[in-house]
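Read the structure below first, then the notes.
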There are 2 protein chains.
Amino acid sequence: MPDLSIDVVAKAAGVHRSTVSRAFSRPEAVKSETREHILRVAEGLGYTMSPLAQALRRKTSTIIPLIVPDITNPFFAELAKTMTQAADERGYQLMLCVTNGDPAKSDGYFTAMQAMYAPFGIVAPSTKVDTETLKRFAFGHKVVVIDRVEGDDSVPTVTVDSRKGIMLALDHLHSLGHTSIGYVSGIAGTHTAQDRMDAYLELTAQSGSTPVVLDSGSDLDAGTRGAEHFLQMDNPPTAIIAANDMVAFAVISALGRSGLRVPDDVSVIGFDGLALGARFNPPLTTVRQPIADMGHIAIELAEKQNVDSSVDHIVLEPELLLRGSTSGPRK
Amino acid sequence: MPDLSIDVVAKAAGVHRSTVSRAFSRPEAVKSETREHILRVAEGLGYTMSPLAQALRRKTSTIIPLIVPDITNPFFAELAKTMTQAADERGYQLMLCVTNGDPAKSDGYFTAMQAMYAPFGIVAPSTKVDTETLKRFAFGHKVVVIDRVEGDDSVPTVTVDSRKGIMLALDHLHSLGHTSIGYVSGIAGTHTAQDRMDAYLELTAQSGSTPVVLDSGSDLDAGTRGAEHFLQMDNPPTAIIAANDMVAFAVISALGRSGLRVPDDVSVIGFDGLALGARFNPPLTTVRQPIADMGHIAIELAEKQNVDSSVDHIVLEPELLLRGSTSGPRK
DNA sequence: TCGGTTGCTGAGATCGGTTGCAATAACACT
DNA sequence: AGTGTTATTGCAACCGATCTCAGCAACCGA
């Protein structure tokens with residue numbers, strides 16, 4: 001491929017560089033006859049425009065970064081998947097950036113995205129620390145956050161209603177006859193984790209029961225520790241709400257290792273609605289977040305902000321996903 | 001940020017554009033005194049070089065694409081994670097590209113990576129169809145494949161020894177006393193899936209037993225179907241080897257729904273060594289692939305190829321990861 | 001037939017760097 | 001002092017597009 005530049009095509013088509021450029025990026029500005037000829041020639045040569053050169057000159061590209069803390073977490077994986085989709089439906093290419101919780105990295109990604117003239121970026125549930133970083137950069141740059149952002153309304157966000165989700169879980173469990181319902185928290189530091197916990201606390205109190213927080217620790221092993229705590233209790237709850245599906249998995253796994261069966265001995269309900277949950281043992285009953293919608297909406301918000309410079313905060317409705325990890329309490 | 005270009009810095013530092021350029025990209029070519037001054041000034045202005053402009057001129061960038069069919073599959077997620085890491089240890093930035101099995105998309109990504117002057121790219125277990133695409137592009141472009149590639153030695157690859165892995169699983173099961181061992185295949189179309197299956201068939205025959213392939217179907221539901229098949233057998237095997245962890249999950253889940261317990265009623269062993277497996281119910285015994293190593297090695301191979309234009313085929317050793325899904329056969 | 005659009009295309013500067021080449025300075029050696 | 005390096009830096013072309021400004025031809029109405 002002897003370096004195909006716009007000039008090569010121009011020469012081959014017998015027109016000027018700028019005409020070729022127009023033929024591609026502003027078709028209506030070129031006589032259709034000419035345009036088709038150019039396009040044909042280009043096609044024949046196997047020519048494509050250099051996104052680099054374009055971005056450099058236009059000062060805007062089509063690559064948009066999705067910044068997530070950990071792609072290994074299926075929630076983010078699913079998010080990434082639908083966002084990839086949503087992105088290229090609209091002609092963008094998603095660039096997945098994984099920070100592994102390192103703020104320095106998100107920092108790096110932000111400046112990189114800036115340097116690459118990304119029209120905007122998407123940040124998924126960031127820890128509160130990251131939020132600081134975010135604020136420094138969000139200024140002057142379009143970012144939409146898939147989470148709630150505290151004390152800064154200038155950033156568009158899309159979240160799912162945590163309170164509603166917890167309520168769904170609670171109601172479901174209550175309707176099965178559970179009265180003592182424990183809770184295991186998720187990855188600390190995210191606002192959503194906080195919100196879910198708060199909702200649990202509040203709603204439980206409201207219904208007159210005593211909240212039982214089995215673990216409010218911070219890392220991925222919350223599930224395991226929650227289960228341990230559970231096993232040591234004299235009068236353990238008959239059901240457990242896990243702050244997210246991964247934690248639910250860990251809880252069930254740990255319980256299982258100690259001979260307890262779900263849902264026969266304890267009911268467990270998750271929060272996320274991961275596809276993976278359907279293949280768990282038992283299939284996980286959970287509060288589903290409309291992940292696909294979140295992806296699409298995130299992009300819409302971003303685009304909208306780019307024209308309107310409007311800042312919306314969308315809150316989506318979760319829904320109950322009944323599978324096999326809950327049942328009536330053991331007598 | 002009033003557009004920070006190299007000229008701005010040059011002016012501020014009282015030197016020529018080219019000197020600034022050198023200060024950054026070829027430090028030894030500038031008097032250390034000057035260099036430090038420039039760097040200081042740049043720092044003060046908060047200046048960073050435009051990777052776009054650099055790539056355009058140099059005809060080589062530092063972004064390297066990792067092409068995977070489905071990021072939702074934890075195997076790829078883990079791969080992506082370690083590769084991200086490995087990449088930026090070496091100063092590259094990984095750009096994750098998800099094809100969702102659509103060859104048109106890989107096509108697109110390949111031309112994109114070409115256009116972005118990526119120094120090379122990594123392709124993870126592609127289906128055989130994709131391999132066609134690959135061949136068209138690999139020519140003239142550096143690609144390393146994390147899988148085996150049939151009939152084309154010109155592409156560097158890194159794989160794990162499938163035969164060895166299956167042998168590990170078989171030996172483990174045998175040593176526990178199992179004599180009838182079934183098999184459920186993985187995502188059809190990949191060479192590794194094929195290799196594992198072949199290994200199973202061959203090794204089983206070799207040991208004098210009859211292979212029992214529970215499902216050789218192609219999609220993600222192989223596990224579920226495999227379990228169904230298992231349940232309908234008059235004389236089912238006492239253990240099952242799943243072609244990969246996800247399939248193992250599905251098998252166990254399906255078995256569980258029918259009241260069968262693992263490992264008490266049936267032993268199940270997976271292949272991959274996903275972190276997720278540790279949180280499964282029961283924790284999954286599996287054949288571990290050294291995913292992290294694969295990532296690092298893939299990049300090394302790519303770099304090596306870039307200088308040497310040598311083409312290596314690395315085969316890594318799998319190892320047995322004992323957890324809780326296998327035990328002696330039920331009497 | 002002439003001034004006034006309108007439509008299409010060419011020129012050339014520009015985006016933000018890189019790099020071969022030339023110029024200058026500094027230093028070594030005979 | 002004269003000449004030959006060697007170390008530094010400036011100059012200017014170039015990477016592959018975009019875009020404003022002109023130029024030119026065809027078309028319109030008077």
Side-chain angles (χ1 to χ4, degrees), chain A residues 1-39 41-42 45-63 91 111-119, chain B residues 1-39 41-42 45-63 91 111-119:
Chain A
M1 322 256 170
D3 267 11
L4 241 37
S5 80
I6 198 174
D7 290 294
V8 176
V9 179
K11 214 149 303 165
V15 299
H16 189 268
R17 213 145 91 267
S18 43
T19 305
V20 177
S21 173
R22 291 187 191 104
F24 278 93
S25 15
R26 216 140 35 78
E28 75 288 358
V30 172
K31 203 202 318 186
S32 60
E33 210 175 309
T34 321
R35 168 167 31 95
E36 273 157 32
H37 172 226
I38 294 180
L39 260 28
V41 171
L45 264 46
Y47 166 81
T48 353
M49 288 222 160
S50 160
L52 254 54
Q54 286 192 147
L56 181 58
R57 186 60 232 250
R58 290 179 167 164
K59 284 175 172 307
T60 173
S61 70
T62 60
I63 89 142
T111 72
M113 85 173 243
Q114 182 159 266
M116 302 273 257
Y117 295 117
Chain B
M1 323 260 169
D3 267 10
L4 241 36
S5 79
I6 198 174
D7 290 294
V8 176
V9 180
K11 214 149 302 165
V15 299
H16 190 267
R17 208 142 95 271
S18 47
T19 306
V20 177
S21 172
R22 292 187 190 104
F24 278 93
S25 12
R26 215 137 37 80
E28 75 287 358
V30 172
K31 204 204 312 185
S32 60
E33 210 176 308
T34 321
R35 168 167 32 96
E36 272 157 33
H37 172 227
I38 295 180
L39 259 28
V41 170
L45 264 47
Y47 166 82
T48 353
M49 289 221 158
S50 160
L52 254 54
Q54 288 192 145
L56 181 58
R57 183 61 231 250
R58 291 181 168 164
K59 284 176 173 306
T60 173
S61 70
T62 59
I63 88 141
T111 72
M113 85 173 244
Q114 183 159 265
M116 302 273 258
Y117 296 115

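The sequence lines fix the lettering, A, B, ..., with proteins before strands; numbering per chain opens at 1.
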#### Entry: Residues in contact with DNA chain C, drawn from residues 46-60 of chain A - heavy-atom cutoff 4.0 Å
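Nucleic-acid contacts, sorted: Leu56(A), Arg57(A), Lys59(A).
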### Task
With sequence neighbours excluded, tell me which residues meet salt bridge (charged side-chain N to carboxylate O under 4.0 Å, His left out) with Arg57(B).
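Scan of Arg57(B) (salt bridge (charged side-chain N to carboxylate O under 4.0 Å, His left out), adjacent residues dropped) gives none.
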### Task
Could I get the full list of salt bridge (charged side-chain N to carboxylate O under 4.0 Å, His left out) partners for Arg22(B), not counting sequence neighbours?
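Arg22(B) satisfies salt bridge (charged side-chain N to carboxylate O under 4.0 Å, His left out) with no residue once adjacent residues are dropped.
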### Task
Please report, rounded to the nearest Å, how far the P atom of dG12(C) is from the CD1 atom of Ile6(A).
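Ile6(A) atom CD1 is separated from dG12(C) atom P by 17 Å.
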### Task
Can you tell me the distance, in whole Å, between the CG atom of Leu4(B) and the P atom of dG16(C)?
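In whole Å, dG16(C) P and Leu4(B) CG are 10 Å from each other.
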## Note on the structure
Contact string for nucleotides 5-10 of chain C, one letter per nucleotide 5' to 3', B = base within protein heavy-atom range under 4.0 Å, S = sugar-phosphate only, - = neither, reads ---SBB
#### Entry: side-chain hydrogen bond (donor to acceptor under 3.5 Å, both in side chains) involving Ser61(A) - partner list, sequence neighbours excluded
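With neighbours one apart ignored, the set is empty.
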### Query
His37(B): what forms a side-chain hydrogen bond (donor to acceptor under 3.5 Å, both in side chains) with it, not counting sequence neighbours?
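His37(B) satisfies side-chain hydrogen bond (donor to acceptor under 3.5 Å, both in side chains) with no other residue.
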Quick check: closest heavy atoms across [X] and [Y], and the distance to 0.1 Å?
X: Thr62(B); Y: Gly91(B); result: CB-O, 3.6 Å
X: Thr19(B); Y: Ile38(B); result: CG2-CD1, 3.7 Å
X: Thr60(A); Y: Pro119(A); result: OG1-CB, 4.2 Å
X: Ala115(A); Y: Ser50(B); result: O-OG, 4.4 Å

### Partners passing ring-ring contact (aromatic ring centres under 6.0 Å, His included) against Tyr117(A) (at least two apart in sequence or in another chain)
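In terms of ring-ring contact (aromatic ring centres under 6.0 Å, His included), with neighbours along the sequence ignored, Tyr117(A) is linked to no residue.
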### Query
How does DNA chain D read in dot-bracket, base by base from 5' to 3', with Watson-Crick or G-U pairs under 3.5 Å and | used when the partner is on another strand?
||||||||||||||||||||||||||||||
### Task
Using a 4.5 Å cut-off on heavy atoms from C-beta on, say whether the side chain of Val41(A) contacts that of Tyr47(A).
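Heavy-atom side-chain distance check fails, nothing below 4.5 Å.
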### Task
Provide the full list of salt bridge (charged side-chain N to carboxylate O under 4.0 Å, His left out) pairs with a residue in residues 23-35 of chain A, sequence neighbours left out, each pair given once.
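Passing the test, one end in residues 23-35 of chain A: no pairs.
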#### Entry: Residue pairs involving residues 7-20 of chain B (criterion salt bridge (charged side-chain N to carboxylate O under 4.0 Å, His left out); sequence neighbours excluded)
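Residue pairs with at least one partner in residues 7-20 of chain B: Asp7(B)-Arg17(B).
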### Message
The criterion is side-chain contact (heavy atoms from CB on, under 4.5 Å); which residues satisfy it with Thr48(A), sequence neighbours excluded?
### Response
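With sequence neighbours excluded, Thr48(A) shows a side-chain contact (heavy atoms from CB on, under 4.5 Å) to no residue whatsoever.
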### For chain A, the stretch of DNA chain D it reaches, first to last nucleotide, under 4.0 Å of its heavy atoms
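Nucleotide range with atoms under 4.0 Å of chain A: dG16(D) to dT20(D).
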